[in-house]
Amino acid sequence: MRVYLPCTLAALAAAVEAGELGPAPLTGYAVTPALIEWYASGDTEELEYVALTDAARASLRMLAAERGEGGAGGKGAPRRVVVAAEVPERSATVGTNLEDRARVRLAEPIPLAKVAAVHIDDEYAVPDIEAAIAALPASDEGDDDARFTVDGAEAHELMWYATQEIPDLLRS
């Protein structure tokens with residue numbers, strides 16, 4: 001099963017150092033029965049894109065949490081990061097709630113050997129990501145303008161990187 005795990009550059013660096021994504025339990029996003037039911041007309045590629053997008057939203061919240069803890073969201077400017085990994089289906093607990101249609105829980109850390117790719121914002125997205133982080137609290141309280149700003153982050157496609165490129169990404 002392909003699972004999309006929200007991450008940040010700081011968390012990715014820690015995972016590289018540890019040799020795994022963790023600690024467990026981990027929240028990821030995947031093509032689940034609830035997602036298939038919700039998006040009935042989509043093919044597998046479209047459904048995986050929805051799961052990736054949900055993980056990118058969660059990554060934005062992780063960046064905001066890092067900022068709230070007094071950090072800068074890792075090295076450099078904030079960029080959403082999603083790690084795509086292959087995990088056995090038996091290791092993922094899938095909910096049936098349509099609200100959390102793509103969310104899965106993983107009971108074990110994910111070894112880096114199971115990582116298939118990393119998706120990261122291009123540097124051009126940074127101003128919109130910074131604005132979205134700042135707008136999250138107001139968006140959560142129902143402010144339509146703030147919600148529009150947060151949604152603006154999704155206008156940026158995440159760039160695909162092979163696993164062997166991770167060290168270069170962490171150096172930049």
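Thr32 contributes atom OG1, which lies 9.0 Å from atom CG of Leu47 (distance to the nearest 0.5 angstrom). The structure places CG of Leu52 at 8.5 Å from CD of Glu157, a figure rounded to the nearest 0.5 Å. With rounding to the nearest 0.5 Å, the separation of CG in Leu169 from CD1 in Ile166 is 7.0 Å. In this structure, Leu12 CG and Glu17 CD are separated by 12.0 Å, a value rounded to the nearest 0.5 Å. Atoms CZ and CG, on Arg80 and Asp122 in that order, are 11.0 Å from each other to the nearest 0.5 Å. Atom-to-atom distance recorded for Thr8:OG1 and Leu63:CG is 6.0 Å, nearest 0.5 angstrom.
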Discussion item. Using the rule given for side-chain contact (heavy atoms from CB on, under 4.5 Å), can you reason through Ile120 versus Leu158, listing the C-alpha separation, both sets of side-chain angles and the distance that settles it, and then say yes or no?
Written reply: CA-CA 5 Å; Ile120 300 179; Leu158 298 178; 5.9 Å; no
Item to complete: Would you please test Leu5 and Leu106 for side-chain contact (heavy atoms from CB on, under 4.5 Å) and show each step?
Response: CA-CA 10 Å; Leu5 301 152; Leu106 302 169; 3.7 Å; yes
Discussion item. Set out, in order, the CA-CA distance, both residues' side-chain angles and the distance that settles side-chain contact (heavy atoms from CB on, under 4.5 Å) for Arg79 and Ile129, then state yes or no.
Written reply: CA-CA 7 Å; Arg79 294 161 69 188; Ile129 300 305; 6.0 Å; no
Practice prompt. Show your working on side-chain contact (heavy atoms from CB on, under 4.5 Å) between Val83 and Tyr4 and close with a plain yes or no.
Written response: CA-CA 6 Å; Val83 177; Tyr4 298 93; over 6 Å; no
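Two residues are said to be in side-chain contact when any heavy atoms from C-beta on lie closer than 4.5 Å; Arg171 and Pro167 meet this criterion. Side-chain contact check for Pro78 versus Glu130: some heavy-atom pair is nearer than 4.5 Å. The side-chain heavy atoms of Asp128 and His156, taken from C-beta on, include a pair separated by under 4.5 Å. Two residues are said to be in side-chain contact when any heavy atoms from C-beta on lie closer than 4.5 Å; Met62 and Pro6 meet this criterion. Here the side chains of Val126 and Asp121 are not in contact, with every heavy-atom distance at 4.5 Å or above. Here the side chains of Leu21 and Val115 are in contact, with some heavy-atom distance below 4.5 Å.
Looking only at distances, a side-chain donor or acceptor of Thr53 sits under 3.5 Å from a matching main-chain atom of Tyr49. In this structure, Ser59 contributes its side chain and Val82 its backbone to no donor-acceptor pair below 3.5 Å. With hydrogens and angles ignored, the 3.5 Å screen pairs no side-chain donor or acceptor of Thr163 with any backbone N or O of Ala116. Although no hydrogens or angles enter the test, the distance criterion places a donor-acceptor pair under 3.5 Å between the side chain of Glu165 and the main chain of Ala162.
Under 4.0 Å is where a charged nitrogen must lie from a carboxylate oxygen, and between Arg61 and Asp140 at least one such pair does. The pair Glu154-Arg57 meets the salt-bridge criterion, with a side-chain N (NZ, NE, NH1 or NH2) lying under 4.0 Å from an Asp/Glu carboxylate O.
Residues Leu9 and Met159 are members of one and the same hydrophobic cluster, defined by side-chain heavy-atom contacts under 4.5 angstrom among Ile, Leu, Val, Met, Phe, Trp and Tyr.
The minimum heavy-atom distance between Pro109 and Leu26, with the atom names listed, is CA-CD1, 4.3 Å. Residue Arg147 comes nearest to Gly142 through the heavy atom pair NH2-CA, 3.4 Å, listed as atom of the first residue, atom of the second, then distance. Shortest non-hydrogen contact noted between Ile110 and Ala85 is CG2-CB, 3.9 Å. In terms of heavy-atom proximity, Pro137 sits nearest to Ala134 at CD-O, 3.5 Å.
More than 12 heavy atoms of other shown residues, nucleotides or ligands fall within 6.0 angstrom of atom CD in Glu86. Enclosure of atom CD in Glu123 is not indicated, since only 12 or fewer non-hydrogen atoms of other residues, nucleotides or ligands lie within 6.0 angstrom.
Defined by atom type and a distance below 3.5 Å, a donor-acceptor pair is present between the side-chain atoms of Thr27 and Arg105. In this structure, a donor-acceptor pair under 3.5 Å is absent between the side chains of Tyr29 and Glu48.
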